[in-house]
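Basis for what follows: all heavy atoms, side chains included, without hydrogens, waters or symmetry-related copies. The structure displayed is predicted, hence computed values, not measured ones.
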Amino acid sequence: MLSTALLVALPFMGGCSPSEKSLTVFEDITAQSGLATYEGMTHGVAWGDYDGDGRADVYVTNHLGQAMLFRNLGGGRLANVTTEVINPNDLGGDKHGAAWADFNNDGRLDLAQLTGAIQGVGVEPKRLFVNEGDKLVERAVELGVDNPPGRTRMPLWLDIDQDGKLDLFQGAEARLDELTPPFVFAQQDGRFVDATPRFKPDSRSAPFCVLTALNDDHHPEIVCRLMGKDRPLQVFDTRTSPARTLDLLPNTAFEDVVAGDFDNDGKVDLFMARKNPGGRVALARAGEGALTAQIELTLQNAREPTAFRFDTAGALKVTLAGQHTGDLVPADVKLGEQATRPATLEFELAADAVHGLPKPPGGDRPAVLIGSPRPGHWQVEFHAQPEVFGGKSKPRYLSIRIASTAPIKDIEALGDAAKDETAPQRLFMNRGGKLVEESDKRGVNALPIAATNAVAGDFDNDMDLDIFVLGSGDAGKTANLLLLNNGKGTFEVVRHAGGASGSLLGVGDSATTADVDGDGFLDLLTASGGSMGRSLGLPSENGRYQLFRNVGNANQWIMIDLEGTRSNRDGIGAVVRVIAGNVTQMRVQDGGVHERGQNHSRLHFGLAKHAQVAKITVQWPSGVVQEVRAVKANQVLRIKEPGA
């Protein structure tokens, strides 16, 4: 008989911390925003003012669905203008991350859209939409960045050679064959050429990188997530060509990295959002009467059932799916001791419809056994004999969603099939160019979470950076987490994420920031159709976008747009310092890019009660240092680099 282990991390509304702070920071305005109609897979979002009207617009990739562009109408309202601006033929395919930048320095934002490589062995061109004023026109082939064999994930715009022109890093995972497509494309004579030797990760898999400034050498650093044995990350110094690796961080797995000066000491710190992988059974709750399970079947565990059980008095609606066509068919499903078979992979079961458990089968097909050993108690088993794998070690993934007309209770995974997916978050504080971990002493682990994405921003405009963490397991969303900074780089948990704890539908994907309604307070957009790896398919098909408006307070603010002349026009790589009162805040113009998302790149600073900024200093990528003094609060300020 199988032993049982209670799943230790299956939150419905999230856990509680003894020191939670009660504060309303956000309200959900999805319903009136124009984003509420979409349901399905997502793969991040990109904020950028494509039409130059001063408001942040948003592009959503929707992964295997059609991408969409929403124009910001003001007041938190977004209008779908996709077909008016982009050729619909360019919006399909296996789309991953996207990012805006004015790569050709013409004053209009262009858009890089990365794609996959057809199950890791095929080809699919990447896209570069050039902004021609009223249209975004796809020109990746003629500009040299189509990179068909690239199994690409997230783009990063940066000026790798400091020539005033933006170059393009195409974050990618390794192909499943021996091809090694380029990572980096540099602008040269109006086109892009392969420049990977200038900035080459020590892995065939580097799905994303972020730009930051970890020392005072006036050259940005790059932090990359790597995939591969014993090398989860790499930090690059861009002073040299090729970029030199810096030994600043211990080996640590992470899902996303957030760079910011969390204690206002003028040095950039790093927060790493982390989770542990789920076990052979990963479970999630999307409601009191809803349960989703993601199942991993492996050759190593063949002949051993992968199973879970639960109690409910209600009738069931069951939906089953394999990750790929043919992975699961109705004939693979057996119900009760009579081993009856459903007609489809979506079926209903009355509370007393089946009795007992089916017997495990053999053969070269996976099997799903659903039974009721006693009234109100259900057990679901997944079986795969060695023959199912055809001699290959690649896991097979199956999903099941169960909806009951009564509450689902006492969920247990059998044996050691489930694992706690929460993981300690890591906060590295910058001490003179050395990164020192101070996670626990600064409160970022007061409430355990399985984190899939994160962003920093001064959400309460009190002159320090807060952290918002997107929560999710492999099979479904969990509650989000808001950590408010006390001004000294120590954080407090805000109950229910200050109003942005979020829906539990779908699988966690991305979180991004933008001042959507133009009131000087940062808003949040979350996506929960995360659809890569084992979450592809059933767990992510009911993903959503949620837009959380910042309700604001009486604090002041200033936002800054940079316009480079000697430097790239977006000012990517610039360091900006704002002094108000006795506090100096620092931001790096990093383009807003992080894993699966791009925040609006407009730089935001809270000013607390200060009605004026004493001084703004901009350290441009060109080396020019510019000062602006005595600036009134509560405005969007454009700072133009002095000309050559």
Subject >> From Asn215 atom CG to Lys434 atom NZ, the distance as rounded to the nearest 0.5 Å >> reply: 13.0 Å

Original post:
Side chains of Gln626 and Thr617: donor-acceptor distance under 3.5 Å anywhere?
Top reply: no

Subject >> Side-chain H-bond candidate by donor/acceptor type, Glu255 with Asn453, under 3.5 Å >> reply: no

Original post:
Are Asp466 and Asn485 linked by a side-chain donor-acceptor pair shorter than 3.5 Å?
Top reply: no

Original post:
Can you check whether Leu214's main-chain N or O pairs, donor with acceptor, with Thr212's side chain at less than 3.5 Å?
Top reply: no

Original post:
So, are Arg274 and Asp256 salt-bridged, with charged N and O less than 4.0 Å apart?
Top reply: no

Original post:
Can Lys135 and Glu132 be counted as an ion pair, charged N to O under 4.0 angstrom?
Top reply: no

Original post:
Any luck finding a side-chain donor-acceptor pair between Asn147 and Gln170 under 3.5 Å?
Top reply: yes

Original post:
When you measure from the centre of the six-membered ring of Phe236, is the NZ or CZ of Arg244 under 6.0 Å away and within 45° of the axis?
Top reply: no

Subject >> Arg549 and Asp515 ion-paired at < 4.0 Å >> reply: no

Original post:
Any side-chain donor paired with an acceptor under 3.5 Å for Trp620 and Ser567?
Top reply: no

Original post:
Does a donor on one side chain sit under 3.5 Å from an acceptor on the other, for Asn634 and Trp557?
Top reply: yes

Subject >> Salt-bridge present (Asp216, Lys267; N to O < 4.0 Å) >> reply: yes

Original post:
Any side-chain donor-acceptor pair under 3.5 Å between Asn445 and Asp440?
Top reply: yes

Subject >> Side chain Gln113, main chain Gly97, donor-acceptor under 3.5 Å >> reply: yes

Original post:
Just checking, any donor-acceptor pair under 3.5 angstrom between side chains of Lys609 and Asn555?
Top reply: yes

Original post:
Relative to each other, are the rings of Phe459 and Phe468 parallel, tilted or perpendicular (30° and 60° limits)?
Top reply: perpendicular

Original post:
For the side chain to side chain contact (heavy atoms under 4.5 Å, CB included) test, which of Ile86, Val45, Leu136 pairs with Tyr59?
Top reply: Ile86

**OP:** Check whether any side-chain heavy atom of Glu173 lies under 4.5 Å from a side-chain heavy atom of Ser203, and answer yes or no.
**Re:** no

Original post:
Could you give the distance from CD (Gln585) to CG (Leu465), rounded to the nearest 0.5 Å?
Top reply: 7.0 Å

Original post:
Thr252 and Arg426: side-chain donor and acceptor closer than 3.5 Å?
Top reply: yes

Subject >> Side-chain H-bond candidate by donor/acceptor type, Asn62 with Tyr545, under 3.5 Å >> reply: yes

Subject >> Between Lys95 and Thr115: side-chain donor-acceptor atoms closer than 3.5 Å >> reply: no

**OP:** Classify the side-chain pair Gln234/Asp202 by whether it contains a donor and acceptor separated by less than 3.5 Å.
**Re:** yes

Subject >> Salt-bridge criterion met for Asp102 and Arg108 (N-O under 4.0 Å) >> reply: no

Original post:
Can we say Asp263 and Lys488 salt-bridge, meaning some charged N sits less than 4.0 Å from an Asp/Glu carboxylate O?
Top reply: no

Original post:
Is the closest basic N to carboxylate O distance between Asp217 and Arg239 below 4.0 Å?
Top reply: yes

Subject >> Under-4.0 Å salt bridge between Asp509 and Arg596 >> reply: yes

